[in-house]
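Following: one structure in structure tokens, then a few remarks.
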Amino acid sequence: MSELQPVRGTRDLIGEDHRRHQHIIDTARRVSASYGLEEWATPIFEDTRVFSRSLGESSDVVTKEMYSFQDRGGDSLTLRPEGTAGVCRALVTNGLTQALPQKVFYAGPMFRYERPQKGRYRQFHQIGAELIGTAEPLADAEVIACGWDILKALGIAHDVVLEVNTLGDRDSRTAYRAALIDYFTAHQAGLSEDSLARLERNPLRILDSKDEGDRRINAGAPTIHAHLTEAAAAFYAKLKDYLAGFGVPFVENPSIVRGLDYYGHTAFEFVTSRLGAQGTVMGGGRYDGLVEEMGGPPTPAVGWAAGIERLSMLLADVPAAPRPVAVVPVGEAAEAPALAVLQQLRHAGIRAEMAYRGNLKRRLERANRIGARAAVILGETEIARGVAQVKDFVSGAQQEVPVAELPTRLR
RNA sequence: GCGGGCGUAGCUCAGCUGGUAGAGCGCCAGGUUGUGGUCUUGGAUGCCACGGGUUCGAGUCCCGUCGCUCGCCCCA
């Protein structure tokens, strides 16, 4: 074992790991494009205020989990812990609040200083979608439908359930929060130690406690539905209608919560039971207050993000390793003419490789090892006649093919 | 920050109540100087995570450290 290891919570993506990862991004990119989303790439580090503002009052809790550092000019910078804040900042700094709606897809690394566990890393990767500038519940349903289609295209939809909830508007949330505090205060004696702390700090979080006793108390807790304003209830009802219209199956889960103030109305998660404690593979909701936090005008928005590592663990169909064609010169004199054949194949779009050394036997061995689907064997006799021996590595059959026909025969 | 499990060859792992390091796969070379994959013969590879302790003797027992892993907390 070598002395230098990747730092805790990071890992190398090599071979199959990278193919899985890339397959997810490619698929999400293609599906989101069909919904009219355009891909953005924002910096992976930002002024710390981009994130501290978006975190609002709970910042002291979460700030401890950010990778923040000072640059040489003394500015505090932070490796992005999530993608939405940067997209909203970019929207504002590029003046795109004048060009709404914006439909955005992104993919890339995120960073959180957390204890690693299954499906949880310090450098991880997300894909995300944001629909900015639309207040209608149709937008919420559409962005969810987009996520659902991505999961379907990845072949993992059957392992995943969409759970939706509403957080209501500001008035709904204020009333609900008060009702929850009343309820849990009355049941303090049965709450776990952790949840007693949550009661002080973030009472909504008690609802998704993993503690057995808490869960029993939660079963009798008030739900937000009794506290929704008329407008908020109508919004939620429309969302559900539209989801049905898009053909997206879902269940309602009133315990889905969001900690931050700028979240309202729609909250949803695609969850699986196959990933241990990290069951959420894609989560999102409506965040009408965030663009304003970034210094823009009040702007409605809805979106989601999904962890690529978790999606990767659910992928059943691993993209196959590419199978090249191996060009094999026999003897030194054949090497230069073989290069011309090699380039002919490459320029025709065929993955082709030629070993750097070795006799015929060694080169065929090597070709087999790299998973070649065929070998193009060129000796002096073949070159003189303008042909090649093409050996199919799957069937083992070999036949003579004119050099000019190689690209079409090997396609 | 807290708790459980695990660290032996490139990989997956075996190694008993302490006696001086193993297998499979992979890798390298030969059997074949114009034919891979199959078959066959041979070969290389380890600070047994690190440091200390007990012992005539430690991969094995004890303590500490580090790392990995699963979970708690947190989850933007």
Side-chain angles (χ1 to χ4, degrees), chain A residues 1-11 15 46 50-66 78-88 110-121 124 126 128 192-195 197-198 201-202 204-205 208-211 214 256-263 267 269 275-280 283-285 287 290 293 303-305 307 326 328-331 334 355 358-382 388-398:
Chain A
M1 206 177 296
S2 81
E3 199 179 325
L4 291 174
Q5 298 292 315
V7 313
R8 177 192 286 267
T10 69
R11 60 184 202 136
E46 298 266 3
V50 169
F51 305 112
S52 59
R53 269 192 210 179
S54 73
L55 291 169
E57 57 186 33
S58 67
S59 59
D60 23 305
V61 193
V62 175
T63 296
K64 295 196 175 86
E65 311 220 319
M66 297 202 304
T78 295
L79 299 179
R80 63 184 186 190
E82 52 100 20
T84 306
V87 166
C88 289
M110 309 291 165
F111 305 83
R112 294 182 189 179
Y113 191 86
E114 299 185 292
R115 194 60 172 260
Q117 49 186 286
K118 187 180 182 70
R120 229 180 169 171
Y121 304 90
F124 59 104
Q126 287 187 330
S192 68
E193 207 175 310
D194 284 332
S195 285
R198 292 185 184 117
R201 209 177 54 241
N202 200 349
L204 288 186
R205 281 285 164 207
D208 55 12
S209 169
K210 288 166 184 167
D211 181 84
D214 290 349
I256 293 178
V257 297
R258 290 288 120 94
L260 302 178
D261 286 347
Y262 57 78
Y263 282 111
E269 295 180 355
L275 293 181
Q278 265 62 49
T280 302
Y287 51 95
L290 183 55
E293 291 289 334
W304 52 255
V328 178
V330 183
N359 58 23
L360 176 61
K361 178 182 162 68
R362 281 186 63 75
R363 285 172 189 258
L364 286 174
E365 270 173 9
R366 184 190 138 74
N368 187 62
R369 205 178 329 128
I370 64 173
R373 46 189 249 259
V376 174
I377 301 166
L378 292 157
E380 288 180 62
T381 52
E382 283 85 5
Q389 302 296 330
V390 173
K391 186 177 181 80
D392 185 311
F393 272 26
V394 179
S395 67
Q398 180 169 314

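The basis for the numbers below is simple: all heavy atoms, side chains too, and nothing from hydrogens, waters or symmetry mates. Naming convention: chains lettered A, B, ... in sequence-line order (proteins, then strands); numbering from 1 in each chain. Please read all numbers here as calculations on a predicted model, not as lab measurements.
Under the rule for a side-chain contact (heavy atoms from CB on, under 4.5 Å), the partners of Q389(A) that lie at least two apart in sequence or sit in another chain are I377(A), E382(A), Q398(A), E400(A). Applying the side chain to side chain donor-acceptor pair (under 3.5 Å) test to T280(A) and every residue at least two apart in sequence or in another chain returns E269(A). For A197(A), the side-chain contact (heavy atoms from CB on, under 4.5 Å) partners are R201(A), not counting sequence neighbours. Under the side-chain contact (heavy atoms from CB on, under 4.5 Å) criterion, K118(A) pairs with no residue at all, not counting sequence neighbours. Legend: residues meeting salt bridge (charged side-chain N to carboxylate O under 4.0 Å, His left out) with K361(A), ordered by chain and number and at least two apart, are E365(A). Taking E293(A) as the reference, nothing meets the salt bridge (charged side-chain N to carboxylate O under 4.0 Å, His left out) condition, with sequence neighbours excluded. Residues forming a salt bridge (charged side-chain N to carboxylate O under 4.0 Å, His left out) with R120(A) (at least two apart in sequence, or on another chain): E114(A). Taking the salt bridge (charged side-chain N to carboxylate O under 4.0 Å, His left out) definition, one finds that R363(A) meets it with E335(A), sequence neighbours left out.
Among the heavy atoms of the strands, none lies under 4.0 Å from R373(A). At the heavy-atom level, Y113(A) lies nowhere under 4.0 Å from the strands shown.
The phosphate of C70(B) has neither OP1 nor OP2 within less than 4.0 Å of any side-chain N or O from Q117(A). Distances shown here put a side-chain N or O of R8(A) below 4.0 Å from the OP1 or OP2 atom of C68(B). Contact check, R120(A) against G71(B): no side-chain N or O comes under 4.0 Å of OP1 or OP2. Contact annotation: Q5(A) side-chain N/O to C68(B) OP1/OP2 distance is not under 4.0 Å. Taking side-chain N and O atoms only, N202(A) has no distance below 4.0 Å to OP1 or OP2 of C74(B).
The heavy-atom pair separating Q278(A) from G119(A) by the smallest distance is CG-O, 4.3 Å. The shortest heavy-atom contact between R258(A) and A267(A) is NH1-CB, 4.2 Å. Here the closest heavy-atom approach between residue G9(A) and residue Y121(A) is recorded as O-CB, 3.2 Å. Among all heavy-atom pairs drawn from D211(A) and D214(A), the shortest one is OD2-N, 3.0 Å.
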Below 3.5 Å is the cut-off: list the nitrogen or oxygen pairs between protein and nucleotides 38-45 of chain B, distance only.
none

Could you write out each protein N or O paired with an N or O of nucleotides 3-5 of chain B at a distance under 3.5 Å?
none

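The same atom, C1', is picked in G7(B) and in U60(B); the two are 14 Å apart, to the nearest Å. Between A21(B) and C63(B), the distance separating the two C1' atoms is 26 Å to the nearest Å. A9(B) and G46(B) have their C1' atoms separated by 5 Å, with the value rounded to a whole Å. Distance check on atom P: C28(B) versus U55(B) gives 49 Å, rounded to whole Å. Rounded to a whole angstrom, the distance from the C1' atom of C16(B) to that of C72(B) is 37 Å. Across C70(B) and C39(B), the matching C1' atoms stand 44 Å from one another, rounded to whole Å. Taking atom C1' on both C62(B) and U45(B), the two are 32 Å apart, rounded to the nearest angstrom.
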Inset, instruction - Would you write the dot-bracket representation of RNA chain B, where each base gets (, ), [, ], | or . depending on whether it forms a Watson-Crick or G-U pair under 3.5 Å and with which partner? - result: (((((((..((((.....[..)))).(((((.......))))).....(((((..]....))))))))))))....
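When each of K118(A) and E82(A) is assigned the nucleotide of RNA chain B with its nearest heavy atom, K118(A) is the one assigned upstream, toward the 5' end.
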Legend entry - Protein proximity profile, nucleotides 30-37 of chain B - base contact B, sugar-phosphate-only contact S, no contact -, cut-off 4.0 Å on heavy atoms: ----BBBS
